[in-house]
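One-based numbering, in listed order, for ligands and for the atoms of each.
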Amino acid sequence: MADNQKMWGELGMNLELHDQLCAVLPGAVGDVFMSQENRPEKMDFFDMVLADVHGIRPAELIEFKKNGGKVFGTFCAYVPDEVIFAAGGIATGLCAGSQFWVPGGERYLPANTCPLIKAMLGARFDRTCPFYRTADMYIGENTCDGKKKAYEILGTDVPLHIMDLPQMKRDVDREKWAYEIKELIKVVEKETGNKVTEENLAQWIKNVNAKRTALKRLYDLRKSAKAPISGTDTLLVSQIAYYDDPQRFTQMTNILCDELEQRVADGVDVAPGAKRILVSGTPMAIPNWKMHNIIETSGGVVVCEETCTGTRYFENNVDESGKTMDEMIQNIANRYMGINCACFTPNEGRFDDVIRLAKEYNVDGVIDIHLKFCQTYDIEGYTLAQRLEQAGIKMLSIETDYTDNDASQIKTRVEAFIETLE
Ligand code: BJ8
């Protein structure tokens, strides 16, 4: 801890404010994670990462930087990590899931902005997150209006490159995204001083595919009639996927899956009698475990997340057959353009995904959750509700933020919804 204090000081962090953030985390972890029964033993790695979330990984990143390495902070499932790692850089997600950072963001943004965006600015400008301090450059993306405009403010304090994400999915848009990936390659090459070679890119396509495959394996195990792991624990794994070393993460997730396979064979059930719930909607950045905690203490078990901290992050691998740089880049572009974010129109694929996942995971109901002031997911909820009704699947819509102000009211609604499930 003393070493961490020194490291945080050297990063120019606001230590007093950061101590306040650190003070609340252990309590939250105890309430949400340690209170669960019958957890897989191999969650110990992920618990350890969480317990020292601002220590272990930032220290690794700083060591990497001492040797001339460059760190790139990202905010969206659309940013292709393959390219950054292939240039010898490190990509790290910059989570923005804490209410602690929201008031800081409100100094720069209207109060009626999505909490994820406010937390993003608060974490940077309040100087209370070592990941935000360590990243040499941020990679933003044109997705929702709030993020797009917030990046303009963020970019006054840190080098920031914006990828222009198309908002439709025609052939021309896939080509456009390939162009944006080429531009990103130029940016990371300039920043790192390294060339992205065909060999490195092919290798990192494989490495990131292996990470996605491990996550898919974890999710497939949740299709079992008896839940071998809680949704809350799986959410933590998905959140850590954004910032841990990708190869170590793959290895540790596969070790966890080995244990879960045995659990499935032994008929272990972490939530006997609970209703199987599919969560859909906006991402849940660390430490946002609010909805999973409510659902799993109200008679439900979350067996799948159609979110960017869920299936949208890992479904569909990059085609590994590309030989030339252009082929590989187009294959990367095609894989990422398969993500169905509500920023796109039309976005029929997302409705199909939710229905497909509801069936694959044999769920009893869907809880569609969007952060307050997220217009795209909020508006899409209307059509999603219609599609699910047509498919005979029950859905509950929840709008929430990072505070606990609405927690008891939401719990009442979730309990009532779960009671209606057969
Ligand atoms: S690919 S979901 S990670 S943009 S919740 S900030 S959309 S107002 S986070 Fe996202 Fe990429 Fe899409 Fe995924 Fe805006 Fe909505 Fe806030 Fe959001």
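- For ligand 1, the atoms lying closer than 4.0 Å to a non-hydrogen atom of C76 are 1 (S), 3 (S), 4 (S), 11 (Fe).
- Among all protein heavy atoms, the one lying closest to atom 12 (Fe) of ligand 1 is C341 SG, 2.3 Å.
- Atom 17 (Fe) of ligand 1 is never approached by the protein to below 4.0 angstrom, counting heavy atoms only.
- Defined by atom type and a distance below 3.5 Å, a donor-acceptor pair is present between the side-chain atoms of Y138 and R124.
- Ring to ring, Y242 and Y313 are close: their centroids are under 6.0 angstrom apart.
- For Y78 and F344, the ring centers are positioned less than 6.0 Å apart.
- Looking only at heavy atoms of the protein, atom 13 (Fe) of ligand 1 is closest to C308 SG, 2.3 Å.
- Aromatic pair W289/F33: ring centres closer than 6.0 Å.
- For atom 9 (S) of ligand 1, the nearest non-hydrogen atom of the protein is P283 CG, 3.6 Å.
- Ring geometry for H54 against W8 counts as perpendicular: the plane angle is over 60°, on a 0 to 90° scale with 30° as the lower cut.
- Near-neighbour remark for atom 15 (Fe) of ligand 1: protein N, O or S atoms under 2.8 Å are C374 SG; waters not counted.
- At least one donor-acceptor pair under 3.5 Å links the side chain of E327 to the backbone N or O of K323.
- Listed by chain and residue number, K186 satisfy the salt bridge (Lys or Arg N to Asp or Glu O under 4.0 Å) test with E183 (two or more places apart in sequence, or in another chain).
- Per-residue contacts place A77 under 4.0 angstrom from the following atoms of ligand 1 (heavy atoms of the residue considered): 3 (S), 11 (Fe).
- Ion pairing of R39 with D47 is present here, as a side-chain N (NZ or NE/NH1/NH2) and a carboxylate O approach within less than 4.0 Å.
- Looking at D245, its side chain does come within 3.5 Å of a backbone N or O of R248 through a donor-acceptor pair.
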